[in-house]
2 protein chains.
Amino acid sequence: MDIHNTELFKGVTYEECNKMLHCFKTEFREYSAGEHICDYSETEKYIGIITKGSVKIIRTDENGNNSILEHLGENGIFGKYIAYATGAGDGIYVECETPCEVVYIGSEHITKRCSNACECHSRVVENMFDIVTKKSVELSRHLYVLSSRSTRDKLLSYFRLMCEQNKNTVIELPFSTTALAEYLCVDRSAMTRELKRLKDEGIIIMDKRKVRLITGDDFNN
Amino acid sequence: MDIHNTELFKGVTYEECNKMLHCFKTEFREYSAGEHICDYSETEKYIGIITKGSVKIIRTDENGNNSILEHLGENGIFGKYIAYATGAGDGIYVECETPCEVVYIGSEHITKRCSNACECHSRVVENMFDIVTKKSVELSRHLYVLSSRSTRDKLLSYFRLMCEQNKNTVIELPFSTTALAEYLCVDRSAMTRELKRLKDEGIIIMDKRKVRLITGDDFNN
DNA sequence: ACTTTACTGTTGCAAATGCAACAACTATAA
DNA sequence: TTATAGTTGTTGCATTTGCAACAGTAAAGT
C-alpha cells in the first residue's frame with residue numbers, strides 16, 4: 001500500500017502529500033519475518049506506519065511470558081500517541097510477522113505547523129486524532145466485553161458488539177477460538193464448554209468461525 | 001481553576017491563551033449537582049473542559065442499569081477525541097456530580113490552523129494529543145488489570161501497577177473497596193474474602209485504604 | 001439528634017471456572 | 001511423504017466465584 005493512501009493522509013492530494021512527506025523527512029525501512037523492529041520504549045519521538053506486511057506488538061512480562069497486544073497489518077500504526085500500559089518488569093516490543101515495510105515520521109512534524117499553515121496539514125492532524133480515537137474505542141470495546149463477570153456474558157457481549165458493528169446477526173470471528181479465549185481472558189476449555197451450552201440452548205448457531213446470534217425478536221431471519 | 005491553567009493550554013502564555021480563546025469562540029456554562037449535562041452522542045463536534053467541580057460519565061444499558069465509566073474533576077475533559085464504546089441499547093451521558101463549570105470548545109478550532117500559524121496553536125495540538133494518549137494509557141492499564149483471570153491476580157496486578165506509579169510499596173486506594181470491586185469487575189464479597197486471604201498469608205498489609213505490598217525482596221522497609 | 005444512605009465484613013451454597021491431560025484434526029514446513 | 005506445530009473438542013476434579021442475605025459501622029443530610 002502506498003503511503004499516500006494510508007489513513008494518516010486521507011483527504012490529501014498526491015502532490016500535497018509528497019510535499020509534506022519531503023518536509024517531514026520520512027524514513028523508510030524493510031524487515032523480514034521474525035525480525036525485531038524496535039522496543040516500544042524507543043518510540044517516544046516518532047510513529048511508524050506499516051505500508052506492507054504485518055507486525056505484532058508483544059508484551060514480555062517479568063517471567064518471560066509473551067502475550068500479543070495487537071496485530072497490525074497494512075495501514076497499521078504504532079509509536080508515539082499509541083501507548084500501552086506496562087507493568088513493572090514488562091517490556092513491549094514490535095516484531096515483524098510477515099515481511100513488511102515501515103514508514104517512519106518524526107512526531108514533531110505532525111503537531112508543529114510549518115510557516116505556510118497549509119490546509120492539508122490540518123487534515124493530517126485531524127486524521128491522526130481519528131486514528132488515536134479509534135484505538136481508544138477499540139480499547140474501550142475490549143474493556144466493555146471484559147467487564148462481564150461470567151464467560152457466558154463475555155461471549156454474548158462480544159457477539160453483540162460484533163453484530164452491531166457489522167449490522168448483521170451473523171458474524172465471522174476474526175481469529176481462532178483459542179485467540180478468542182485469550183481476548184476474553186478466560187480458559188479456552190471452559191469457554192468451549194460454555195459455547196457448547198449456548199449452542200445446546202439455541203442461543204447461538206455456530207459453524208466453524210461463523211456465529212449467528214438468535215435473539216428473541218428476530219429468530220426467523 | 002482558570003481555563004488558562006488547564007492541561008490543554010499548558011505552556012501557553014496568558015496573552016496568547018486569551019487570543020486563542022477569543023478566536024475559538026468558547027462557551028461557558030454552569031451546572032448544579034445532579035443536573036444532566038449532555039448526552040455523549042451529542043459531543044461529536046466539541047470538547048468540554050471542567051474548570052470547577054466534578055462530573056460523572058455514566059453508561060445506561062438496555063435494562064436501565066447504570067455504571068460509572070469515569071469521574072472527572074477539575075481539568076477533566078470530555079467530548080470529541082475522548083470516546084467510549086457503546087453496546088446496542090446503551091446510552092452514555094454526562095452528569096454533574098458537584099456544582100461545576102464547563103468551558104466548551106468546538107473541536108474544529110483545535111485541529112484547523114488559523115492563517116497566522118501561531119506557535120502556541122501547535123502547543124495546544126500537542127497538549128490535546130497528550131491528553132488523549134493519557135486516556136488511552138489509562139484504558140490500557142485497566143485492561144492489563146482485567147486480563148488476570150483470578151480475583152487474586154487482579155488485585156495483585158492492580159496493587160503492583162499502583163505501587164510502580166507511586167514509586168512506593170505503600171499505596172492509598174483512590175476509592176472505596178466497593179468501587180474497587182467494580183473497577184476489577186468482580187463480586188465485592190468475593191473480593192473481600194480474597195483480600196482477607198492475602199492478609200492472612202502475609203502478602204499484603206492493609207489498614208483502611210492503605211495497602212502495603214510485601215514482596216520477596218523488600219519485606220523489611 | 002435522628003434518619004437515611006452508603007460502605008464493610010461475613011457466611012453458606014450452588015454454579016462456574018481454571019487447570020491438567022488426552023485425543024483427533026489441520027496446516028505448514030522439511 | 002513425514003514430521004512438527006498449532007487448533008479444537010472433551011472430561012474429571014479441586015477451587016474459585018457469584019449470589020443472596022444479614023448485621024454492624026460510617027457518613028451525610030435534615
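Throughout, protein chains are lettered first and strands after them, A, B, ... in sequence-line order, and every chain is numbered starting at 1.
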Considering only heavy side-chain atoms of B/T178, the closest of D/dT8, C/dC7, D/dG12 is C/dC7
Quiz question: by atom type and distance under 3.5 Å, do the side chains of B/Y84 and B/E70 form a donor-acceptor pair?
yes
Looking at C/dT17, C/dT10, D/dT10, which one has an atom nearest to any side-chain atom of A/K196?
D/dT10
Nucleotide nearest B/D187 when distance is taken to its side chain, options D/dG18, D/dT7, C/dT8
D/dG18
Just the rounded figure in Å: distance from P of C/dG9 to CG of B/L198.
14 Å
Name the residue closer to the 5' end of DNA chain C, choosing between B/S176 and B/A190 according to the nucleotide with the nearest heavy atom.
B/S176
If you compare every side-chain N and O of A/R149 against the phosphate oxygens of C/dA16 (OP1, OP2), does one of them come in below 4.0 Å?
no
Give A/S189 one of three labels, base, sugar-phosphate or nothing, depending on what nucleic acid heavy atoms sit under 4.0 Å from its own.
base
Expressed as a whole number of angstroms, how long is the span from A/E97:CD to C/dT28:C1'?
15 Å
Is the distance from OP1 or OP2 of D/dT8 to the nearest side-chain N or O of A/T177 less than 4.0 Å?
yes
Identify, between A/A179 and B/E194, the residue whose nearest nucleotide on DNA chain D lies closer to the 5' end.
A/A179
At their closest point, which heavy atom of B/K80 faces which heavy atom of B/S107, and how far apart are they?
CD-OG, 3.7 Å
I'd like to check A/F159 versus A/L173 (side-chain heavy atoms, cut-off strictly below 4.5 Å). Are they in contact?
yes
Side-chain-base donor-acceptor pair under 3.5 Å for A/R188 and C/dG18:
no
C/dT10 OP1/OP2 closer than 4.0 Å to side-chain N/O of B/T192
no
To the nearest Å, how far apart are A/R209 CZ and D/dG9 C1'?
15 Å
Name the closest nucleotide to the B/R193 side chain, picking from D/dG18, C/dC7, D/dT11.
D/dG18
Rounded to whole Å, please give me the gap between NZ in A/K154 and P in C/dA16.
15 Å
Whole-Å gap separating C1' (D/dT7) and CG (A/L173):
14 Å
Suppose we call two aromatic rings close when their centres sit under 6.0 Å apart. Are B/Y14 and B/H4 close by that rule?
yes
With under 30° as parallel and over 60° as perpendicular, where do the rings of A/Y46 and A/Y104 fit, or are they tilted in between?
perpendicular
In whole angstroms, how far is the C1' atom of C/dA15 from the CG atom of A/D153?
14 Å
Separation of atom CZ in A/R152 from atom P in C/dT17, rounded to whole Å
9 Å
Any side-chain N or O of A/S150 under 4.0 Å from OP1/OP2 of C/dA16?
no
Taking atom C1' of C/dT8 as reference, at what distance in whole Å does atom CE of B/M191 sit?
10 Å
